[in-house]
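Inspection log for the structure reproduced underneath, given as structure tokens.
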Amino acid sequence: MESGREYYVLTAQNGNPIPRVVNWYGKLDVRKLNRKDYRELPAHILLDMETGRDVVYPDILTDPALLVSREMMMVIKRYEDDMPFLFTVLFDTVREESVAYFCPILPEGKEAEESGAAIYRLRTARGSELRIRLDLAESLLCRGAVGMSLALI
């Protein structure tokens with residue numbers, strides 16, 4: 001890792017009533033959310049969600065994949081201008097509500113960190129972690145990003 005580059009583990013914040021993506025099997029192949037295979041996925045994805053009363057639409061969702069708001073996507077693009085994104089619409093058929101999110105196709109592995117990637121995915125023994133560089137995290141927080149949690153590595 002280059003000196004001066006500090007990374008944090010990025011997760012979705014707990015506690016708020018957020019949308020829950022349901023019935024996504026067969027609609028989104030999460031195995032193809034990588035730089036090699038993502039072009040095999042449709043450019044636009046429609047997923048079902050369940051919401052409750054007082055639902056909060058945060059800037060970040062992490063299940064079944066990383067989904068970010070338009071505002072968060074624009075900030076990420078400032079740091080990673082070649083980052084591909086898939087347009088994703090979450091639709092609640094019961095409440096007849098929809099919301100747009102964007103699925104970033106993240107670089108993966110230690111190589112991404114060593115190259116200085118602003119955000120990337122790292123496979124671990126417990127699954128995978130999202131890692132975010134300090135400057136990008138600060139920029140998101142300064143712009144009022146809702147629903148993200150950071151932890152020291």
Side-chain angles (χ1 to χ4, degrees), residues 1-25 27-38 41 45 47-90 92 97 99-153:
M1 176 168 68
E2 220 177 279
S3 67
R5 297 207 189 221
E6 191 173 348
Y7 285 88
Y8 291 84
V9 175
L10 173 66
T11 57
Q13 195 174 46
N14 291 324
N16 289 324
I18 62 171
R20 190 171 67 87
V21 178
V22 295
N23 305 326
W24 59 270
Y25 297 103
K27 295 179 183 179
L28 176 62
D29 188 348
V30 294
R31 297 170 299 178
K32 293 186 178 188
L33 291 177
N34 60 66
R35 296 283 175 102
K36 179 182 165 212
D37 301 321
Y38 81 92
L41 294 169
I45 299 170
L47 298 174
D48 297 327
M49 71 173 167
E50 290 179 349
T51 60
R53 287 188 348 198
D54 302 324
V55 68
V56 173
Y57 294 104
D59 290 303
I60 175 177
L61 295 170
T62 56
D63 188 37
L66 178 62
L67 299 173
V68 299
S69 66
R70 175 177 300 280
E71 295 79 13
M72 191 166 176
M73 177 193 68
M74 298 305 291
V75 175
I76 292 170
K77 282 229 170 250
R78 287 183 169 195
Y79 291 83
E80 296 284 344
D81 61 348
D82 62 341
M83 176 83 66
F85 288 85
L86 298 175
F87 180 68
T88 307
V89 176
L90 304 182
D92 184 336
E97 292 181 357
V99 63
Y101 278 91
F102 298 84
C103 180
I105 308 302
L106 300 173
E108 296 188 20
K110 277 292 193 187
E111 306 81 42
E113 181 178 340
E114 290 167 358
S115 72
I119 185 169
Y120 68 96
R121 180 181 334 285
L122 181 66
R123 305 276 177 208
T124 67
R126 298 181 314 273
S128 70
E129 288 181 349
L130 299 172
R131 301 242 174 128
I132 187 169
R133 206 172 58 209
L134 175 61
D135 57 342
L136 173 55
E138 287 176 335
S139 186
L140 290 167
L141 292 170
C142 285
R143 288 173 173 79
V146 174
M148 61 185 256
S149 180
L150 302 171
L152 288 172
I153 295 174

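When a residue number appears, it is its place in the shown sequence, counting from 1. Here the structure is a predicted model, which is why all the values come from computation and not from measurement.
Taking CG of L47 as the start and CG of L90 as the end, the distance is 6.0 Å to the nearest 0.5 Å. Annotation: the span from L41 atom CG to C103 atom SG amounts to 8.5 Å, rounded to 0.5 Å. For the atom pair OH of Y79 and CG of D135, the computed distance is 5.0 Å after rounding to the nearest 0.5 Å. Put simply, CG on D92 and CE on M49 are 5.0 Å apart, with the number rounded to the nearest 0.5 Å. Residue T51 holds its OG1 atom at 11.0 Å from CZ of R20, rounded to the nearest 0.5 Å. A distance of 9.5 Å separates OH in Y7 from CG in L136, rounded to the nearest 0.5 Å.
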For residues 142-153, tabulate all N or O donor-acceptor pairs below 3.5 Å that involve a side-chain atom, not counting sequence neighbours.
unit_1: R143; atom_1: NH1; unit_2: S139; atom_2: O; d: 3.2
unit_1: R143; atom_1: NH1; unit_2: S139; atom_2: OG; d: 2.3

Taking distance alone, no hydrogens or angles, what donor-acceptor pairs closer than 3.5 Å link side-chain atoms of residues 62-76 to residues at least two apart or in another chain?
unit_1: S69; atom_1: OG; unit_2: D59; atom_2: OD1; d: 2.6
unit_1: S69; atom_1: OG; unit_2: E71; atom_2: OE1; d: 3.4
unit_1: S69; atom_1: OG; unit_2: M72; atom_2: N; d: 3.2

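Considering all non-hydrogen atoms of both residues, P58 and L61 come closest at CG-CD2, 3.7 Å. For the pair A118 and E80, the tightest heavy-atom approach, listed with the atom from each and the gap, is N-OE2, 2.5 Å.
Listed for the R123 side chain is no donor-acceptor partner under 3.5 Å among the backbone atoms of G109. Remark: the backbone N or O of R133 is not paired with any side-chain donor or acceptor of R5 at under 3.5 angstrom.
Side-chain contact between P104 and Y38 is absent, with no heavy atoms from C-beta onward closer than 4.5 Å. Taking 4.5 Å as the limit, some side-chain heavy atom of Y120 sits within range of a side-chain heavy atom of L122. Contact annotation: the side chain of V30 approaches that of W24 to within less than 4.5 Å [non-hydrogen atoms, C-beta and beyond]. Counting heavy atoms from C-beta on, the side chains of V9 and R131 come closer than 4.5 Å. Side-chain contact between L140 and I132 is present, with heavy atoms from C-beta onward closer than 4.5 Å.
In this model, a donor atom of one side chain and an acceptor atom of the other lie less than 3.5 Å apart for Y57 and E97.
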Chi angles and distances behind the side chain to side chain contact (heavy atoms under 4.5 Å, CB included) call for K27, D48 = CA-CA 10 Å; K27 295 179 183 179; D48 297 327; 2.9 Å; yes
